[in-house]
Amino acid sequence: MPLDPRLLTDLLRDPQALVDAADRPGGLRAHAPALLATTATAGALFGAVVGAHHGGLQVLFAALKTPVLLLATPLIALPAVQGAWRLAGVDAPWRRLSASALVGIARTSLLAAALGPAVWLLFSSGLDYHAAVLAFAGTLALAGLPGLLTVLRALPRPPALPRLTTLGALLVLGGAFAQTGWLLRPFVARPSAEVSLLRPLEEDVLSSLKASGRSANGDYSGWETRREGFLAKPAPGDQ
Amino acid sequence: MGLLVALAIYLAVGFALARRAGAGPGLTGAAVVAWPLLLSDLRGGAGQGPYSARIAAGLQELRAALAEPAAGDLVGADEVEAVARALAHADARVGLVDRLLADPHVRDSPDGPRLSQARDKAAAEVEAVLKSLVQLRVQLGLVALAGETSPVRARLAELAARVKALEEVGA
């Protein structure tokens, strides 16, 4: 499906109008294919740039996984956001939530793709692996914030809505996005590592970012990862 | 392996929902990967409109009330079926126009506002018939208690007039 230039402009300049259009009866049928095509194309472009740090097959793997990362987040976290609104006594219709999420992820992927050349320039200046991971996470956070705000601005926010509800929704969406990225890694593969589609499950995103931050400053401790969590399988020899 | 099976089931559910909704290739692709986000528009099949769930619920409640022995034989099954047919046709027309108006090219065309006004008129008639169905059940309750049948006859006449209006909106 070719990308519609008018849609791309609206995504950047007036995302709320797009949310309103998709929120009308039949609007999701009309707008979802183009919004998802934008997410897939722009997300794949950004993923390919990130995968280029390692090169080879990693370019393809990262290009495939980045749109999945963007799409999986609302699928996992939106019911919790709707629940948070209901706990506060405010109805957030699923159609409105879905419309805002589709526009939000399309906007995030478009902004990430727009930042792609800058990331590529950084990588080509000889950025090491750990700094590249931080650059990837930072770029996604930078591009993801406008997408998150698109979702939150589209939801009903009466004056009585507690701030904790909005903050909680922000944390749930941000946390689900970060942990999904962790589960789908590697996006930036280690230079010495064999290229693989997915790594074994171990620890979580926060421990990794802390270790990457230390490693970027020359302290390479804290990489002794443990296989944890209900999806993780014990390694041979583990008790 | 378990993850692959779960993924296959997820994709198959999206494909089945898209088929049931009569989706084209673009929407089918979107539904396969993101059907939970499209449920609001995929649940109503092709030929259904925004009132399909309320119509089904309203008719089911009316039929259940009429099936009670105390309700008597005031309303015939063929009368209810005529109302059901008229409502289904009107809802399908509203649904079609909603899908058309969701396209900005149609909405912003010179005749877009006229189409939008006609849609609102048809939707208002459907709403009015749905309210009449509720009123009919209220009157059925009064018949059961007081034995007064003339208000039910009046409501039935009103309902018949509204159904006729629905048919005329569609003509």
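So you know, we letter chains A, B, ... as the sequences are listed, proteins then strands, and number each from 1.
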* Contact check, side chains of B:Leu37 and A:Leu36, non-hydrogen atoms, under 4.5 Å ->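 Sidechains of A:Leu36 and B:Leu37: no contact.
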* Asked: With side chains defined as the heavy atoms from C-beta onward, is the minimum distance between A:Leu28 and B:Leu39 less than 4.5 Å?
  ->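 Side chain of A:Leu28 against side chain of B:Leu39, heavy atoms only: no contact under 4.5 Å found.
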* To do: Examine whether an atom of A:Leu97 lies under 4.5 Å from a heavy atom of chain B, and if so say whether it belongs to the side chain, the backbone or both; otherwise answer neither.
  =>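 Neither part.
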* Considering all heavy atoms of both residues, which atom of A:Ser98 and which atom of B:Pro36 are nearest to each other, and what is their separation? ->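 It is OG-O, 4.4 Å.
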* Using non-hydrogen atoms and a 4.5 Å limit, figure out which bit of B:Val33 sits close to chain A: side chain, backbone, both or neither. =>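 It is both, since atoms from each part get that close.
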* Which pairs count as ring-ring contact (aromatic ring centres under 6.0 Å, His included) when at least one residue sits in residues 14-36 of chain B, sequence neighbours excluded? ->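 Sorted pair list: B:Tyr10-B:Trp35.
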* Asked: Is it true that atom CZ of B:Arg19 has more than 12 heavy atoms of other residues, nucleotides or ligands lying nearer than 6.0 Å?
  ->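 No, CZ of B:Arg19 has 12 or fewer neighbouring heavy atoms, counting only those of other groups under 6.0 Å.
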